[in-house]
Amino acid sequence: MKNFPRLVLCSATGASALAPAACTAPQAPASRPNIVYIMTDDHTAQMMSCYDSRFVETPNLDRIAADGVRFTNSFVANSLSGPSRACMLTGKHSHANGFTNNITAVFDGSQQTMPKLLQKAGYQTAIIGKWHLESIPTGFDHWEIVPGQGDYYNPRFINEQCDTLVNKGYLTNIITDKALHWMDEERDTQKPFCLFIHHKACHRNWLPETKYLSLYEDKTFPLPENFYDDYAGRPAARAQEMEIGRHMDIIYDTKMYNPQLETRLKATYEEFIGRMTAEERAAYDKVYDPIIKQFYAQPPTGKALDEWKYQRYMRDYAKVLKSLDDNVGRVLDYLDEKGLLDNTLVVYTSDQGFYMGEHGWFDKRFMYEESMHTPLVMRLPKGFDRRGDIDEMVQNIDYAPTFLELAGVAVPDDIQGVSLLPLLKGEHPDSWRKSLYYHFYEYPAEHMVKRHYGVRTDRYKLIHFYNDIDVWELYDLQHDPHEMHNLYGEPGYEELTSQLKEELHRLQEQYHDPIEEELKK
Ligand code: SGN
Ligand code: CA
């Protein structure tokens, strides 16, 4: 477990250096909108009721969509935390911003970033919560981050003085407290601001807040129809290690603590619940002890065990999400009470999607729909009349140019994303992108998802898994939305395949991804 990875405390990372491509800001409008960007970790659209009503209710997240817009085709460029955050901050794909994976990458804080450009244009910038980019944040007037993945209970924070401080309570509440405190008491009210609120929720191992420990305990979640996927025709999908049945840790993930049992993540679990106060621990044990007792008295086996684990997973994830939803509500209420809503763009998204049992999985990484997709809803500032659904394909590299344009800052030419402002104004530009590029690098690693890149159009997806495998996959999302049938190499698909390969190469050229050249060596 990487808890305090290569975080170089207090190292100078060139806080004010800007790459040459940065342009000078044009004359900014008098009252520039604020930006409140709320990003969760591993929150997937299946678990957000404005996208999918099967599993949970998320009234506060839905409020953003109801008052604003919901993106129905929102995607990431690399479905993993650090890479996703780097794409968001730079507006560039992973190979271009350098942060390709969570294991070896360290974000080069001297490069051009959207917060730096906003800061230069007179915005106050702040980030609170999960950072995960290994170097010290640059481009922020204020930052308070959690080390590594963060702790759900009595969490450690690293602040601008580079002190590590333990805060009392539950992380989702504390991040919100700090965000409200900064908006209320610390920022310069004469300046527009851009605040990044980055939650750990709903990341593994889904430790709920004490007040929600019992929530959902009487709920049985429906099993996804492809829970028992056999991965036929998809060797890369078969090779992963993220199956609920085979790879979830019975102690760490499903919380069935047993002093006699050793599991890979038992020590990590002990460390996590060891952070609770005696009172918190008593509340926790009161709910989980009877479940543990019952489990070991009559342990389920085979498919019954897989499905039992799925229910535990869904319940704990949903509980953690409930605290998150409450806290997003607190931010919206605050902005409302202070009269800030009208002049603020509120964005809610996640660092990627997640599997809730589809293909039998948890975790993310794959270019398949559940994890390439990410929720994206926005409440728009005055002057933007668009409401309802936006169906154009958007990607997390688009946030940087969107925020810059909103702030009246010229978007540097080397930014690869596209501003979403025309869509927020109700336009449907003919020239809008017709395909998306994706590249995942973190292999070999936990969950063992092979390296791959690919192209997605509104209907088709072509993926190439490489490195220690050479496998192509082709899906028709219209007829096979769950990506169960790999059409690559099947008769009748030759022309489509060559068109998609051409498009893939066009994107690799456009974004300057050298991978195909490297593979030829
Ligand atoms: C940790 C988790 C993994 C997860 C990665 C990346 N293991 O390593 O399950 O895929 O984070 O997640 S754990 O034992 O530490 O919980 S990410 O969202 O940060 O990219
Ligand atoms: Ca994540």
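Note that the numbering runs from 1 along the sequence shown for the chain. In each ligand, atom 1 is the first atom listed, and ligand 1 is the first ligand listed. All values below come from the heavy atoms of this structure, side chains included, with hydrogens, waters and symmetry mates left out.
Screening residues 345-355 for salt bridge (Lys or Arg N to Asp or Glu O under 4.0 Å) gives Arg85-Asp351 as the qualifying pairs, with residues at least two apart or on separate chains. Counting only residues at least two apart or in different chains, salt bridge (Lys or Arg N to Asp or Glu O under 4.0 Å) contacts with residues 362-378 comprise Asp42-Lys364, Asp363-Arg365, Arg365-Glu442, Glu369-Arg456, Glu369-Lys461.
Near Lys364, the atoms of ligand 1 lying under 4.0 angstrom from a non-hydrogen atom of the residue are 4 (C), 6 (C), 10 (O), 12 (O), 17 (S), 18 (O), 20 (O). The Asp363 neighbourhood of ligand 1 comprises atoms 4 (C), 9 (O), 10 (O), with distances under 4.0 Å to a heavy atom of that residue. Close approach to Gln352 involves these atoms of ligand 1, each under 4.0 Å from a residue heavy atom: 18 (O). Every atom of ligand 1 is numbered from 1 in the order shown, and the set under 4.0 Å from a heavy atom of His132 is 19 (O). The contact set between ligand 1 and Asp41, taken as ligand atoms under 4.0 Å from a residue heavy atom, comprises 18 (O). Here is the list of ligand 1 atoms found below 4.0 Å of a heavy atom in Asn102: 6 (C), 17 (S), 19 (O), 20 (O).
Under the side-chain contact (heavy atoms from CB on, under 4.5 Å) criterion, Ala237 pairs with Tyr231, Arg234, Trp361, Tyr368, sequence neighbours left out.
Contacts between Lys130 and ligand 1, counted as non-hydrogen atom pairs separated by less than 4.0 Å, involve the side chain only. Contacts between Asp42 and ligand 1, counted as non-hydrogen atom pairs separated by less than 4.0 Å, involve the side chain only.
Considering all non-hydrogen atoms of both residues, Lys200 and Leu171 come closest at CB-CD2, 3.5 Å. In terms of heavy-atom proximity, Tyr257 sits nearest to Tyr296 at O-CE1, 3.8 Å.
For the Ca ion (ligand 2), the count of nearby protein N, O or S atoms, meaning those under 3.0 Å away, is 5.
Within the model, atoms NZ of Lys450 and CZ of Phe366 stand 9.5 Å from one another, a figure rounded to the nearest 0.5 Å.
Under a 4.0 Å heavy-atom criterion, Asp351 is in contact with ligand 1. At least one heavy atom of Tyr252 sits closer than 4.0 Å to an atom of ligand 1. Note on ligand 1: Thr268 sits outside its first shell, no heavy atom being nearer than 4.0 Å.
Between Lys319 and Glu217, at least one side-chain N (NZ, or NE/NH1/NH2) sits under 4.0 Å from a carboxylate O, which counts as a salt bridge. A salt bridge does not link Arg330 to Asp326: none of the charged side-chain nitrogens sits closer than 4.0 Å to a carboxylate oxygen. Salt bridge annotation for Asp398-Arg433: present, with a cationic side-chain nitrogen under 4.0 angstrom from a carboxylate oxygen.
The heavy atom nearest to atom 20 (O) of ligand 1, out of those in Ser350, Ser81, Gly150, is found in Ser81. Residue nearest to atom 19 (O) of ligand 1, selected from Arg85, His447, Gln149: Gln149 (by heavy-atom distance). When the heavy atoms of Arg365, Glu442, His247 are ranked by distance to atom 5 (C) of ligand 1, first place goes to Arg365.
Formation of a donor-acceptor pair under 3.5 Å by the Thr90 side chain with backbone atoms of Lys92 is found in this model. Within the 3.5 Å criterion, the main-chain N or O of Thr349 finds a donor-acceptor partner in the side chain of Thr40.
Figure legend: cation-pi geometry between Lys130 and Phe196 absent, as NZ or CZ is not positioned both under 6.0 Å from the six-membered ring centre and within 45° of its axis.
The one candidate from Tyr443, Trp472, Phe440, Tyr441 that meets the ring pair (Phe, Tyr, Trp, His ring centres under 6.0 Å) condition with His452 is Phe440.
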